[in-house]
Number of protein chains: 2
Amino acid sequence: MNALHHCISQYHPISIAAWEALSKALTRVELPKNAFLVREGMVCNKLYFLEQGCLRGYYNNLDGKEVTYWFGFENNFITSFYSFISRKPGIENIQTLEDSTLWGISFDALNQLFDQHHDLERLVRIINEQYYIRLEERLMAMQFKTARERYEQLLETSPHILQRIPLGQIASYLGISQETLSRIRSQV
Amino acid sequence: MNALHHCISQYHPISIAAWEALSKALTRVELPKNAFLVREGMVCNKLYFLEQGCLRGYYNNLDGKEVTYWFGFENNFITSFYSFISRKPGIENIQTLEDSTLWGISFDALNQLFDQHHDLERLVRIINEQYYIRLEERLMAMQFKTARERYEQLLETSPHILQRIPLGQIASYLGISQETLSRIRSQV
DNA sequence: TTCCTTTTTTGACAATTGTCAAAAGAAAGC
DNA sequence: GCTTTCTTTTGACAATTGTCAAAAAAGGAA
């Protein structure tokens, strides 16, 4: 749980009371490789913090293909955001790509904590904002950069992805076919 | 200011005290068509609510082209999000596309209100979350849909954009060239 | 109205990326 | 070690989209 506390403190420090209440509400989750944390069609009731391992978010496209649009690594917050926020079934699956250790908190427990600890709600607001900025950057890249540029950007900003994730999933994440990504890599 | 109050209440009701404090902190801004609300290289110090009119967010790409990635209409919240949150200069310009009326609040004033009114911070957290979901949907479309599909989706979800915005800017927003969009339109 | 400016469309061609199929390479199990 | 399975690369070709240039259409101002 130290990793979570350290991660939190980089966003916004919270009171000891808030941290203690939060700690009590957390459940430890250990999953082997290729297990599912969230399945499509279900309401996602938990927000997770990933202490160790890695995961991907994907959905099954109409044509039957898996579409990976998201990876999670150590110290990332993980949930099926749309489902968790809207309380409706989501279309996304979240799957471990390695043996993983997470800490989870339920939607209800989190909202109760918000009522009791204003600083905890502030923390979450600030984290949300930072994740929004990241998403915005990704959208910009997707909208205005070529496949090659997106790959080179990934090499710079997240080289660890290349070492931990199969190429086909990275290609999907970049919005290109696996063959195109393979050709881009051979021409650098 | 009624429009703002109504808009807020659809996200999360706030106390009368919070609303009164917020009202006092707001400044009315009226801008003619083609005026700038935010300029690149500046720190954006205000969050706006658009009561009447429409705006676009864009930046100047390396090759000299304007890249439009965002439109705002009535009842939208408007800011240079990265700059407003991180307190650093942004690369984006925000420009009116029609005569517009907005209400603005400064970063400092908003954060002071957060300290005094927990429910106001909750409101902003919830609004942020809804905007995050919208952004996520846009990223999905950009990543996994063809130009034609993205245009048809825009026709369904935001037909008003077509009637108020020049084609070149819509094309940029969809991540395609104006010529391609023109051809897509002629083939429907 | 007429002129001038901006916006949209069209044509020709080039560049990028996708698809299908097969081969090569790497990893995991026995 | 040897299979078996999964992952990555390569080839050939098709489809999509971009670029440049010019024409057509639409909108504003005098």
Side-chain angles (χ1 to χ4, degrees), chain A residues 32-35 54 56 58 60-69 71 95-99 139-155 159-188, chain B residues 32-35 54 56 58 60-69 71 95-99 139-155 159-188:
Chain A
K33 182 175 174 174
N34 288 327
C54 90
R56 67 166 179 144
Y58 74 93
N60 292 297
N61 212 351
L62 297 176
D63 58 10
K65 285 188 184 163
E66 287 185 358
V67 164
T68 297
Y69 62 98
F71 297 113
Q95 182 186 31
T96 53
L97 300 177
E98 302 172 358
D99 297 349
L139 178 62
M140 295 299 94
M142 201 56 67
Q143 198 162 356
F144 305 114
K145 295 193 173 177
T146 64
R148 156 163 277 116
E149 288 169 334
R150 297 201 298 274
Y151 173 70
E152 286 168 353
Q153 181 176 315
L154 189 74
L155 270 186
H160 57 285
I161 290 187
L162 276 294
Q163 284 141 25
R164 294 172 75 174
I165 312 275
L167 205 68
Q169 291 176 16
I170 295 174
S172 184
Y173 174 81
L174 290 173
I176 57 180
S177 70
Q178 174 168 326
E179 294 90 333
T180 296
L181 179 54
S182 177
R183 290 188 175 99
I184 287 172
R185 293 215 303 176
S186 69
Q187 289 164 23
V188 176
Chain B
K33 182 174 175 174
N34 290 326
C54 89
R56 67 165 178 146
Y58 75 93
N60 292 299
N61 212 350
L62 298 178
D63 57 11
K65 285 186 185 165
E66 286 185 359
V67 163
T68 297
Y69 62 98
F71 296 113
Q95 183 186 30
T96 53
L97 300 177
E98 302 172 359
D99 297 349
L139 177 62
M140 295 298 94
M142 201 55 66
Q143 198 163 355
F144 305 114
K145 295 192 173 176
T146 64
R148 156 162 277 117
E149 289 170 333
R150 298 201 298 274
Y151 173 71
E152 286 168 353
Q153 181 176 316
L154 189 73
L155 269 186
H160 57 287
I161 290 186
L162 275 295
Q163 284 140 24
R164 294 173 74 175
I165 313 274
L167 204 69
Q169 292 176 16
I170 295 175
S172 183
Y173 175 80
L174 290 173
I176 57 181
S177 70
Q178 173 168 327
E179 293 91 334
T180 296
L181 179 54
S182 177
R183 289 187 176 100
I184 287 172
R185 293 213 305 176
S186 68
Q187 289 164 23
V188 176

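Chain letters run A, B, ... following the sequence lines, proteins first, then strands; residues in each count from 1.
In this structure, B:Gln169 places its CD atom 14 Å from P of C:dT6, rounding to the nearest Å. Rounded to an integer number of Å, the gap from CD of B:Gln163 to P of C:dT7 is 18 Å. Distance A:Leu167 CG to C:dA24 C1': 15 Å, rounded to the nearest Å. Taking atom CZ of residue A:Arg164 and atom P of nucleotide C:dA27, one finds them 17 Å apart after rounding to whole Å. Summarising the geometry, the separation between NZ on A:Lys33 and C1' on C:dG29 is reported as 14 Å, rounded to the nearest angstrom.
Nearer the 5' end of DNA chain D, as judged by each residue's closest nucleotide, is the contact made by A:Gly168, out of B:Thr180 and A:Gly168.
Scanning both residues, A:Cys54 and A:Arg164, for their nearest heavy atoms gives CB-NH2, 3.8 Å. Scanning all heavy atoms of the two residues, the minimum distance from B:Asn60 to B:Glu66 falls at OD1-CG, 3.5 Å. Here the shortest heavy-atom pairing between B:Arg148 and B:Ile184 reads NH2-O, 3.6 Å.
Checking side-chain atoms of B:Asp99 against main-chain N and O of B:Lys33 turns up a donor-acceptor pair under 3.5 Å. Here the side chain of A:Thr68 pairs no donor or acceptor atom with the backbone of A:Tyr173 at under 3.5 angstrom. Although no hydrogens or angles enter the test, the distance criterion places a donor-acceptor pair under 3.5 Å between the side chain of A:Glu149 and the main chain of A:Thr146.
Bracketed by its first and final contacts, the part of DNA chain D lying under 4.0 Å from non-hydrogen atoms of chain B reaches from D:dT17 to D:dA21 in 5' to 3' order.
Note that the two end axes of the helix from C:dT1-D:dA30 to C:dC30-D:dG1 enclose an angle of 50°, each drawn from 5 base pairs, rounded to 10 degrees.
For C:dT8, neither phosphate oxygen OP1 nor OP2 lies less than 4.0 angstrom from any side-chain nitrogen or oxygen of B:Arg185.
In this structure, B:Arg56 forms a cation-pi arrangement with B:Tyr58, its terminal cationic atom sitting closer than 6.0 Å to the ring centre and no more than 45° off the ring axis.
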*Start with the C-alpha distance between B:Glu152 and B:Lys145, add both sets of side-chain angles, then the distance that settles salt bridge (charged side-chain N to carboxylate O under 4.0 Å, His left out), and finish with yes or no.*
CA-CA 10 Å; B:Glu152 286 168 353; B:Lys145 295 192 173 176; over 6 Å; no

